[in-house]
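When a ligand or atom number is given, it counts from 1 through the structure's own listing order. Not measured: the values here are computed from a predicted model.
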Amino acid sequence: MTIFGIDLGTTNSATARLKNGKPEILINKNGGRTTPSVFQLTENGEIIVGQEAKDTFPSLITQTVTEVKRLMGTDEIITVSGETYRPEEISAHILKYLKSCAEEILGEPVTEAVITAPAYFSDSQRKATKKAGEIAGLKVEKIINEPTAAAIAFGMDHMDTNQNILVYDLGGGTFDVSVVELFDGIVEVKASAGNNHLGGMDFDNAIVDWIERKFEQENGYSVFAEADDVEQLKRKALLKESAEKMKKILSSQMSTRMTTPFPGIHNNAPISIDYKLTRKEFENLIRDMAASTLKEIDKALSDAGLSVNEIHEILLVGGSTRIPLIQELVENKFNKKPRKDVNPDEAIAMGAAIQGGIKSGEIDPKTGLMVIDVCPYTLGTEVVRYVGGQLVPGYFEPIIPRNSVIPVSETKIYTTVYDHQDSVNVYVYQGESPRADENILLSDGIILDKIPQRPAGEEKIAVTFTYDINGILQVEAKVLSTGKIEKRPICTQIGVMSDSEVSAAKEKIEQAWNKSELYEEVKNIIYRAEKMMNDVSPSDKIKIEALVSKLKSELAANNTHGVKRAEEELTDLLIELV
Ligand code: AMP
């Protein structure tokens with residue numbers, strides 16, 4: 001059974017599979033090699049994913065969702081066409097679309113996939129990604145890190161070389177950097193660093209902010225003046241669309257003009273914006289963000305124990321690496337040109353497909369590639385410490401240090417700190433600060449009780465963290481004297497759905513797709529009927545209206561049989577009236 005590779009990106013997604021041992025990108029229903037990660041639910045219940053949804057976003061603002069990857073792992077609720085969704089559910093719609101495209105092209109069911117996630121994605125963001133796959137009806141064989149996937153794709157074509165490569169992955173919403181050693185067909189990630197809130201969208205926003213500031217300075221009022229909430233969102237979407245276009249043009253030209261001169265109306269006159277932006281000005285807008293990626297490179301290099309001179313090749317992946325300033329900064333840092341033969345939009349999905357092949361056995365690990373990855377951040381717990389003779393809480397104690405090879409399991413032994421202490425609460429944090437509250441709280445924990453009540457320091461508790469190959473963590477706490485164990489995956493996290501919520505979401509999404517497909521089947525006949533109403537007698541018009549309304553209410557009720565019946569009746573009537 002083929003295990004597909006899916007790059008579920010912030011702005012674009014892609015699907016690949018292994019064919020005769022080589023990865024190939026699968027085109028979507030519109031012939032695109034990548035698909036914009038944009039979801040639309042129209043008022044009729046029709047689901048539109050991809051380019052068409054992206055193109056109509058500014059005019060269908062309340063019916064469209066973009067950039068949902070940024071919300072993964074949060075408990076944010078997204079309202080679209082009056083329906084409420086969690087981020088995993090929107091991502092599931094995108095995955096379901098990719099799945100249906102692959103099924104249409106290959107004529108076979110697509111049920112298993114390796115999905116990629118930014119290396120720097122947190123535990124809850126990874127879990128949310130996995131759950132999105134499950135909601136879409138996919139068995140998620142593995143979550144792999146995006147830069148690792150790119151290194152795998154590169155490694156496959158360079159099996160016989162031994163070299164250190166640096167993968168610089170700057171996409172629409174996330175930035176990752178990984179230092180990878182290729183050695184005898186083994187792809188070994190030495191260290192990863194990054195920022196899961198930095199990408200091309202931030203550059204678009206920097207242009208939008210610049211336009212807003214300039215407009216207000218010149219006109220004395222805001223570009224959002226006289227706009228209600230929806231209108232403000234619409235103007236913002238138009239400005240963002242325009243900003244992204246300008247940004248892309250500036251990758252090949254030295255200056256450009258704004259492409260959406262009239263985002264709204266003010267004092268009954270169109271708001272007119274016609275600004276020129278030069279590449280230099282754009283570079284100044286994004287310079288700090290771009291420079292911040294160099295710090296992450298230093299962190300990854302230092303964790304890998306390598307210097308700049310020991311990197312043999314640099315791979316640029318992610319659409320934002322097309323920006324000349326980014327290429328220049330990376331090139332200057334290494335004094336070396338990054339490779340040009342890696343397709344920044346496709347490498348990640350291809351690497352995921354190869355990983356799928358390794359998992360399914362299509363690629364023999366003895367003769368083919370092997371992958372070794374790391375956990376990019378430190379995982380630990382909160383402890384109290386004696387400071388100046390006083391017990392002070394709130395310290396972060398690392399248990400799995402960042403860049404440990406995965407899977408990894410580490411145990412640390414703690415003692416009780418109070419006389420007669422009979423319970424402990426194991427809080428789980430991710431981060432690098434010595435203060436627990438400056439790190440990300442993954443779970444407020446595991447309560448281990450029934451500890452024998454003895455003087456402080458006499459009871460020992462073993463805390464074990466196990467981080468699996470998908471980057472998912474399990475925590476166990478054990479009283480050594482009694483053997484009492486508390487063990488559970490970190491599943492009671494904010495932003496992570498329970499199994500029953502996943503089942504309910506799966507059902508909800510299947511129904512939504514069913515409804516959308518029903519609408520798709522009958523939309524032409526509705527269109528024809530509505531057009532015909534203008535050309536028939538008033539009594540026939542009433543007959544058509546009644547049947548169209550019946551068909552629409554059956555659609556709203558998602559009643560397949562009712563829709564078919566109403567469609568037949570309407571078709572018969574139209575034939576009779578022609
Ligand atoms: P990805 O998630 O890897 O598909 O990257 C998408 C991001 O790359 C988006 O923010 C795009 O605006 C950006 N991008 C794509 N092409 C270009 C280009 N030619 N110049 C600058 N940014 C680009």
Side-chain angles (χ1 to χ4, degrees), residues 5-16 25 28 32-38 49-51 54-55 57 66-70 72 91 94 98 115-121 125 129 145-150 153 167-178 194-208 237 239-256 259 277-279 281-283 285-287 289-290 293 315-330 338 340 342-352:
I6 300 180
D7 168 6
L8 182 61
T10 314
T11 34
N12 294 301
S13 296
T15 314
I25 291 285
N28 65 23
R33 293 175 72 80
T34 60
T35 300
S37 308
V38 182
V49 174
Q51 195 60 49
K54 182 176 178 177
D55 292 344
F57 168 47
T66 62
E67 305 171 22
V68 72
K69 188 168 169 180
R70 289 207 155 178
M72 292 291 269
S91 290
I94 294 166
L98 297 173
I115 303 179
T116 61
Y120 226 68
F121 246 22
Q125 288 173 307
T129 305
N145 292 332
E146 287 164 7
T148 309
V167 185
Y168 180 102
D169 176 4
L170 187 60
T174 55
F175 169 65
D176 284 322
V177 54
S178 291
N195 179 349
N196 55 13
H197 281 99
L198 175 68
M201 264 148 203
D202 299 293
F203 306 155
D204 303 342
N205 288 336
I207 299 180
V208 172
L239 292 179
K240 270 187 99 164
E241 189 183 55
S242 189
E244 191 191 9
K245 283 187 187 147
M246 290 164 90
K247 172 187 77 175
K248 286 185 177 173
I249 292 170
L250 291 174
S251 289
S252 56
Q253 291 173 28
M254 297 313 289
S255 74
T256 181
T259 52
L277 181 65
T278 65
R279 187 186 283 177
E281 286 169 321
F282 170 61
E283 289 178 349
L285 293 176
I286 67 161
R287 193 171 298 278
M289 288 185 269
T293 65
L315 308 189
L316 296 183
V317 281
S320 299
T321 58
R322 294 206 174 87
I323 297 173
L325 175 69
I326 299 288
Q327 296 180 3
E328 190 185 304
L329 288 175
V330 177
K340 290 275 179 206
V342 178
N343 184 325
D345 302 325
E346 298 180 359
I348 292 172
M350 304 243 255

S.K.: Quick check on contacts: which atoms of ligand 1 are under 4.0 angstrom from a heavy atom of Ser320?
M.R.: 7 (C), 8 (O), 13 (C)

S.K.: Are side-chain heavy atoms of Thr66 and Met201 found at a separation under 4.5 Å?
M.R.: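 No, every pair of side-chain atoms sits at 4.5 Å or beyond.
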
S.K.: Show which atoms of ligand 1 fall inside a sub-4.0 Å distance from at least one heavy-atom site of Gly200.
M.R.: 10 (O)

S.K.: At a non-hydrogen distance cut-off of under 4.0 Å, which region of Lys248 contacts ligand 1 (side chain, backbone, both, or neither)?
M.R.: both

S.K.: Show which atoms of ligand 1 fall inside a sub-4.0 Å distance from at least one heavy-atom site of Gly318.
M.R.: 3 (O)

S.K.: Please determine if Gly171 has a nitrogen or oxygen closer than 3.5 Å to a nitrogen or oxygen of ligand 1.
M.R.: no

S.K.: Compute the minimum heavy-atom distance from Gly319 to ligand 1 and say whether it is under 4.0 Å.
M.R.: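 Right, Gly319 reaches ligand 1.
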
S.K.: Please verify whether a non-hydrogen atom of Gly199 lies at under 4.0 Å from ligand 1.
M.R.: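 Flag not set, Gly199 not near ligand 1.
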
S.K.: Looking only at protein heavy atoms, which one is nearest to atom 10 (O) of ligand 1, and what is the separation?
M.R.: Lys247 NZ, 3.2 Å

S.K.: Who passes side chain to side chain donor-acceptor pair (under 3.5 Å) against Ser91, sequence neighbours left out?
M.R.: none

S.K.: Does an N or O from Asn12, backbone or side chain, lie closer than 3.5 Å to an N or O of ligand 1?
M.R.: yes

S.K.: Looking only at distance, does Gly9 have an N or O less than 3.5 Å from an N or O of ligand 1?
M.R.: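 Min N/O separation from ligand 1 is not below 3.5 Å for Gly9.
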
S.K.: Testing Leu329, Asp176, Ile326 for side-chain contact (heavy atoms from CB on, under 4.5 Å) with Tyr168, which one passes?
M.R.: Ile326

S.K.: To check you understand the geometry: which heavy-atom pair defines the closest contact between Gln125 and Tyr120, and what is its length?
M.R.: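 Nearest heavy atoms, Gln125 then Tyr120: OE1-O, 4.3 Å.
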
S.K.: Check Ser13 against Leu98 and note the closest heavy-atom contact, atom names and distance.
M.R.: CB-CD1, 3.8 Å

S.K.: Please name the pair of heavy atoms, one in Gly199 and one in Ser320, separated by the smallest distance, quoted to 0.1 Å.
M.R.: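 Gly199 and Ser320 have their closest heavy atoms at C-OG, 4.4 Å.
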
S.K.: Could an N or O of ligand 1 be found under 3.5 Å from any N or O of Asp204, whether backbone or side chain?
M.R.: no

S.K.: Is the shortest side-chain N to carboxylate O distance from Glu244 to Lys248 below 4.0 Å?
M.R.: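 Lys248 and Glu244: salt-bridged.
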
S.K.: Side chain, backbone, both or neither: which applies to Ser251 and ligand 1 if a contact is any heavy-atom pair less than 4.0 Å apart?
M.R.: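 It is the side chain that touches ligand 1; the backbone stays farther off.
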
S.K.: Among all the protein's non-hydrogen atoms, which is closest to atom 11 (C) of ligand 1, and how far away is it?
M.R.: Glu244 OE2, 3.3 Å

S.K.: Identify the closest protein heavy atom to atom 6 (C) of ligand 1: which residue and atom is it, and at what distance?
M.R.: Thr11 OG1, 2.9 Å

S.K.: For the residue pair Leu250 and Arg279, what are the closest heavy atoms and their distance?
M.R.: O-NE, 2.8 Å

S.K.: Side chain to side chain donor-acceptor pair (under 3.5 Å) between Asp345 and Thr34: does it pass, once the steps are laid out?
M.R.: CA-CA 7 Å; Asp345 302 325; Thr34 60; 5.7 Å; no

